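Structure, as structure tokens:
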There are 2 protein chains.
Amino acid sequence: MNIIETLQQRDIKPSYLRLKILEYMLARKNHPTVDMVYEELSKEIPTLSRTTVYNTFNLFLQKGLVQKLGIDDVEAHYDADISLHGHFRCDHCGKIWDLPVKTDVSQIEGLKKFEVRTIEYYAKGLCDQCQKCQRHSNK
Amino acid sequence: MNIIETLQQRDIKPSYLRLKILEYMLARKNHPTVDMVYEELSKEIPTLSRTTVYNTFNLFLQKGLVQKLGIDDVEAHYDADISLHGHFRCDHCGKIWDLPVKTDVSQIEGLKKFEVRTIEYYAKGLCDQCQKCQRHSNK
DNA sequence: TACAACTTTGTAATGATTACAATAACAATA
DNA sequence: TATTGTTATTGTAATCATTACAAAGTTGTA
Ligand SMILES: [Mn+2]
Ligand SMILES: [Mn+2]
Ligand SMILES: [Zn+2]
Ligand SMILES: [Zn+2]
């Protein structure tokens with residue numbers, strides 16, 4: 001399915017900027033922040049406003065096209081993969097990886113009385129690259 | 001173990017305010033924000049500063065006495081229970097519940113190459129009280 | 001063209017958190 | 001006790017991600 005259809009399927013009018021923003025998300029799969037999208041796309045579209053990126057993500061979020069990740073204290077990250085999966089974020093370099101988490105909601109005791117809308121699973125620590133850096137600097 | 005010993009065990013000098021703040025955490029177990037602690041304790045201690053609550057939580061965090069919960073977009077919540085467990089937050093009333101999550105880190109595929117320091121598991125949706133409210137208002 | 005609906009933009013406001021410097025409390029020592 | 005250094009607490013100002021809002025631009029239709 002192409003990008004325009006993906007937008008239309010969620011009842012979102014496929015404007016040029018929405019297209020470019022979703023295209024960025026699907027091409028990079030890098031869990032970007034608003035600023036990452038803004039910095040990259042404004043090279044090509046110098047008139048782009050940060051507010052538009054905020055607006056667009058909020059629209060995508062409301063329409064269920066992306067999920068918002070609260071894995072970072074500072075900035076929100078966004079993910080066009082809305083399937084249930086976890087994330088690892090390196091405390092040192094900030095990069096984010098996907099984790100295959102097979103969580104059966106119905107199996108979690110104590111979750112039965114709630115109407116669950118979203119599930120987030122986050123791990124934080126050091127990636128293998130940064131483990132090496134850390135060891136190096138601690139000599 | 002009493003509160004003073006709990007602080008000392010983590011290498012934290014048991015000042016009056018640190019004592020009161022930890023006491024609040026252990027008594028309430030309500031995953032408070034900085035403001036919740038400030039509002040409650042400043043009744044009894046009118047000279048208390050919000051900055052002190054921020055400072056104290058950052059110290060507790062650094063010493064591993066509490067964990068910080070990123071379950072809320074707006075404010076950070078803190079938890080004196082540092083055992084591995086998940087949380088449910090109601091989108092409507094904002095209350096937070098503990099979830100018994102039995103996650104064996106070593107069992108999560110794709111986490112092996114990382115040095116994991118923290119794990120967070122969040123579910124969001126509606127609590128049973130607010131499910132009723134919602135149904136009522138949608139009539 | 002004219003009009004309405006929607007999209008995009010820029011600026012100002014909001015609000016949680018941190019930075020910083022001044023003061024107060026505490027601890028060790030002479 | 002007086003002195004001195006260290007740590008804790010406080011208040012204010014700065015930071016910065018996000019939102020509010022209103023103006024300007026775009027699109028589609030009659
Ligand atoms: Mn992902
Ligand atoms: Mn808890
Ligand atoms: Zn790293
Ligand atoms: Zn509720």
Side-chain angles (χ1 to χ4, degrees), chain A residues 3-4 7-8 10-24 31-63 65-79 89 94 96, chain B residues 3-4 7-8 10-24 31-63 65-78 89 91 94 96:
Chain A
I3 298 175
I4 292 182
L7 288 167
Q8 285 171 337
R10 295 277 176 175
D11 223 20
I12 299 168
K13 289 189 185 168
S15 76
Y16 178 65
L17 292 179
R18 289 167 183 171
L19 224 105
K20 297 301 281 186
I21 291 172
L22 181 56
E23 185 184 57
Y24 174 100
H31 308 95
T33 63
V34 163
D35 248 58
M36 286 163 72
V37 174
Y38 173 77
E39 287 301 333
E40 183 62 27
L41 291 186
S42 58
K43 289 177 194 167
E44 194 188 343
I45 309 157
T47 57
L48 180 66
S49 164
R50 251 185 201 83
T51 304
T52 300
V53 184
Y54 276 107
N55 290 342
T56 304
F57 274 144
N58 283 336
L59 178 69
F60 286 2
L61 209 55
Q62 183 202 324
K63 299 291 189 179
L65 185 58
V66 301
Q67 59 171 320
K68 189 178 189 175
L69 305 182
I71 199 172
D72 179 348
D73 292 341
V74 181
E75 287 168 288
H77 292 253
Y78 294 87
D79 193 346
R89 178 174 182 276
I96 295 176
Chain B
I3 299 175
I4 292 181
L7 287 167
Q8 285 170 338
R10 295 276 175 176
D11 222 20
I12 299 168
K13 289 188 186 167
S15 75
Y16 178 66
L17 292 179
R18 289 166 183 171
L19 224 107
K20 298 301 281 185
I21 290 172
L22 181 55
E23 185 184 56
Y24 174 99
H31 309 95
T33 63
V34 163
D35 248 59
M36 287 163 73
V37 175
Y38 173 77
E39 287 301 333
E40 184 61 27
L41 291 187
S42 58
K43 289 177 192 165
E44 193 187 342
I45 309 157
T47 57
L48 180 65
S49 162
R50 251 186 202 82
T51 304
T52 299
V53 184
Y54 277 106
N55 290 343
T56 304
F57 275 143
N58 284 336
L59 178 69
F60 286 2
L61 210 55
Q62 184 201 324
K63 298 291 189 181
L65 186 59
V66 301
Q67 59 171 320
K68 188 178 189 176
L69 305 182
I71 199 171
D72 178 347
D73 291 342
V74 181
E75 283 169 289
H77 293 252
Y78 295 86
R89 179 174 182 275
D91 290 332
I96 295 175

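It should be emphasised that the depicted structure is a prediction, and the values quoted were computed from it without experimental measurement. The sequence lines fix the lettering, A, B, ..., with proteins before strands; numbering per chain opens at 1. Reckoned from all heavy atoms, side chains included, excluding hydrogens, waters and symmetry mates.
Between the OH atom of B/Tyr38 and the P atom of C/dA16 there is a distance of 13 Å, given to the nearest Å. Between A/Phe57 atom CZ and C/dT8 atom P there is a gap of 14 Å when expressed in whole angstrom units. The distance between atom CG of B/Leu59 and atom C1' of D/dA8, rounded to the nearest whole Å, is 10 Å. Summarising the geometry, the separation between CG on A/Asp11 and C1' on C/dC6 is reported as 14 Å, rounded to the nearest angstrom. Atom CG of B/Asp72 is separated from atom C1' of C/dT17 by 14 Å (rounded to the nearest Å).
Residues in residues 14-23 of chain A take part in these side chain to side chain donor-acceptor pair (under 3.5 Å) pairs, two or more places apart or across chains: A/Lys20-A/Glu23, A/Lys20-A/Glu44. Sequence neighbours left out, the pairs with a member in residues 50-62 of chain B that pass salt bridge (Lys or Arg N to Asp or Glu O under 4.0 Å) are B/Asp35-B/Arg50, B/Glu39-B/Arg50.
A search for ring pair (Phe, Tyr, Trp, His ring centres under 6.0 Å) contacts involving A/Tyr78 returns A/Phe57, not counting sequence neighbours. Under the rule for a side-chain hydrogen bond (donor to acceptor under 3.5 Å, both in side chains), the partners of B/Asp72 that lie at least two apart in sequence or sit in another chain are B/His77. Partners of B/Asn55 under the side-chain hydrogen bond (donor to acceptor under 3.5 Å, both in side chains) rule, at least two apart in sequence or in another chain, do not exist in this structure. Not a single salt bridge (charged side-chain N to carboxylate O under 4.0 Å, His left out) links A/Asp11 to another residue, sequence neighbours left out. Residues forming a side-chain hydrogen bond (donor to acceptor under 3.5 Å, both in side chains) with B/Tyr38 (at least two apart in sequence, or on another chain): none.
Between A/Ser49 and the phosphate of C/dT8, there is no side-chain N or O to OP1/OP2 separation shorter than 4.0 Å. For B/Thr47, no side-chain nitrogen or oxygen approaches OP1 or OP2 of D/dT9 to under 4.0 Å.
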- [ ] Summarise how protein sits on nucleotides 14-30 of chain D as a single string, 5' to 3': B when a protein heavy atom is under 4.0 Å from the base, S for sugar-phosphate-only contact, - for no contact.
- [x] ---SBBB----------
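Checked by atom type and distance alone, the side chain of A/Thr56 pairs as donor or acceptor with a backbone atom of A/Thr52 at under 3.5 Å.
A heavy atom lying under 4.0 Å from DNA chain C marks none of the residues of residues 15-22 of chain B.
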